Amino acid sequence: ALDLLNAIEGSGLGDIDTARMKLDIYIHTDRYLDALEIIETYYDELKDNGRVLDAFLTISLQYKRPISDKVLTDAKKFKNARILMLAATVEHLRQNFDEAEKLAMQSLLIASPEDNELFGHAFRIIIDNPSGENAAPSNTADNTYFIAKNKQDHSRQTICIYRRDVLSAP
């Protein structure tokens, strides 16, 4: 793989093409910090690739590296269950518990049955939310949820707004 890296350097390919190839090699050879450096250098060109954003968040969390607000904002816009759960983890570590819980629920709502590892992460985030009792949504969107509290008997109801269950006229 290192010989391939050296050949790539002198290949005359554009910087971004070379960066993508290096990134793949670094990840497949467990050189995660080198991969993180490539992603950071070429972030604006690579941020729309879900695999790259997933790797960036995963490696940063694993090695306890700071994640910028810009990267977190980009992750929140990505409609991928794993990336949303990674964003929820970042918010949880930043002690933004309500935002973390919201992202975890969004992740669960779009997760497929194969994404079963996400459920454990989501429940940990939701259970760890110390402000869950006082949360009050201002707006809700599809693939999200809110908790309604009956003011008379104080019972709670969780309402999920799930895009695939919304009926619309053709």
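None of these values were measured; they are calculated from a predicted model. Just the heavy atoms: all of them, side chains too, but no hydrogens, waters or symmetry mates, feed the values below. Along the sequence shown, residues carry numbers from 1.
Under the side-chain hydrogen bond (donor to acceptor under 3.5 Å, both in side chains) criterion, R124 pairs with no residue at all, not counting sequence neighbours. Listed by chain and residue number, I67, L86, T89, V90, L93 satisfy the side chain to side chain contact (heavy atoms under 4.5 Å, CB included) test with L61 (two or more places apart in sequence, or in another chain). In this view, N96 and E91, R94, E99 satisfy the side chain to side chain contact (heavy atoms under 4.5 Å, CB included) rule, not counting sequence neighbours. For T73, the side chain to side chain contact (heavy atoms under 4.5 Å, CB included) test picks out K77, with sequence neighbours left out. Scored by the side-chain hydrogen bond (donor to acceptor under 3.5 Å, both in side chains) test, D153 finds N150, S155 as partners (sequence neighbours excluded). Considering only residues two or more places apart in sequence or on other chains, R20 meets the salt bridge (Lys or Arg N to Asp or Glu O under 4.0 Å) condition with D17. Annotation: side-chain hydrogen bond (donor to acceptor under 3.5 Å, both in side chains) contacts of N49 (sequence neighbours excluded): none. Taking the side-chain hydrogen bond (donor to acceptor under 3.5 Å, both in side chains) definition, one finds that D30 meets it with Y32, sequence neighbours left out. Evaluation of the side chain to side chain contact (heavy atoms under 4.5 Å, CB included) rule for D115 yields A81, A111, S112, L118 as partners, not counting sequence neighbours. Under the ring-ring contact (aromatic ring centres under 6.0 Å, His included) criterion, H92 pairs with F97, not counting sequence neighbours.
Within the 4.5 Å cutoff, the side chain of L57 has no heavy atoms near those of the R82 side chain.
To the nearest 0.5 Å, atoms CD1 (I59) and CG (L33) are separated by 7.5 Å. Atoms OG1 and CG, from T29 and D34 in turn, are 8.0 Å apart once rounded to the nearest 0.5 Å. Atoms OG1 and CG, on T18 and L23 in that order, are 12.0 Å from each other to the nearest 0.5 Å. Between the CG atom in L84 and the NE2 atom in H121 there is a gap of 13.5 Å [rounded to 0.5 Å]. Here the straight-line distance linking atom CE of M85 with atom CE of M105 works out to 9.5 Å at 0.5 Å rounding. How far CD of Q106 is from CG of N80: 12.5 Å, rounded to the nearest 0.5 Å.
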Please report, to 0.1 Å, the donor-acceptor pairs under 3.5 Å made by any side chain of residues 36-44, with sequence neighbours excluded.
from: T41; atom 1: OG1; to: E37; atom 2: O; distance (Å): 2.8
from: Y43; atom 1: OH; to: D74; atom 2: OD2; distance (Å): 2.6
from: D44; atom 1: OD1; to: K70; atom 2: NZ; distance (Å): 2.5

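Residue pairs satisfying the ring pair (Phe, Tyr, Trp, His ring centres under 6.0 Å) criterion with at least one member in residues 58-77, sequence neighbours excluded, are absent.
Nearest approach of A87 to K76, heavy atoms of both residues: CB-CG, 4.3 Å. Across all non-hydrogen atoms, the minimal contact from I27 to A35 is CG1-CB, 3.8 Å. Listed here is the closest heavy atom pair of A88 and L103: CB-CB, 3.7 Å.
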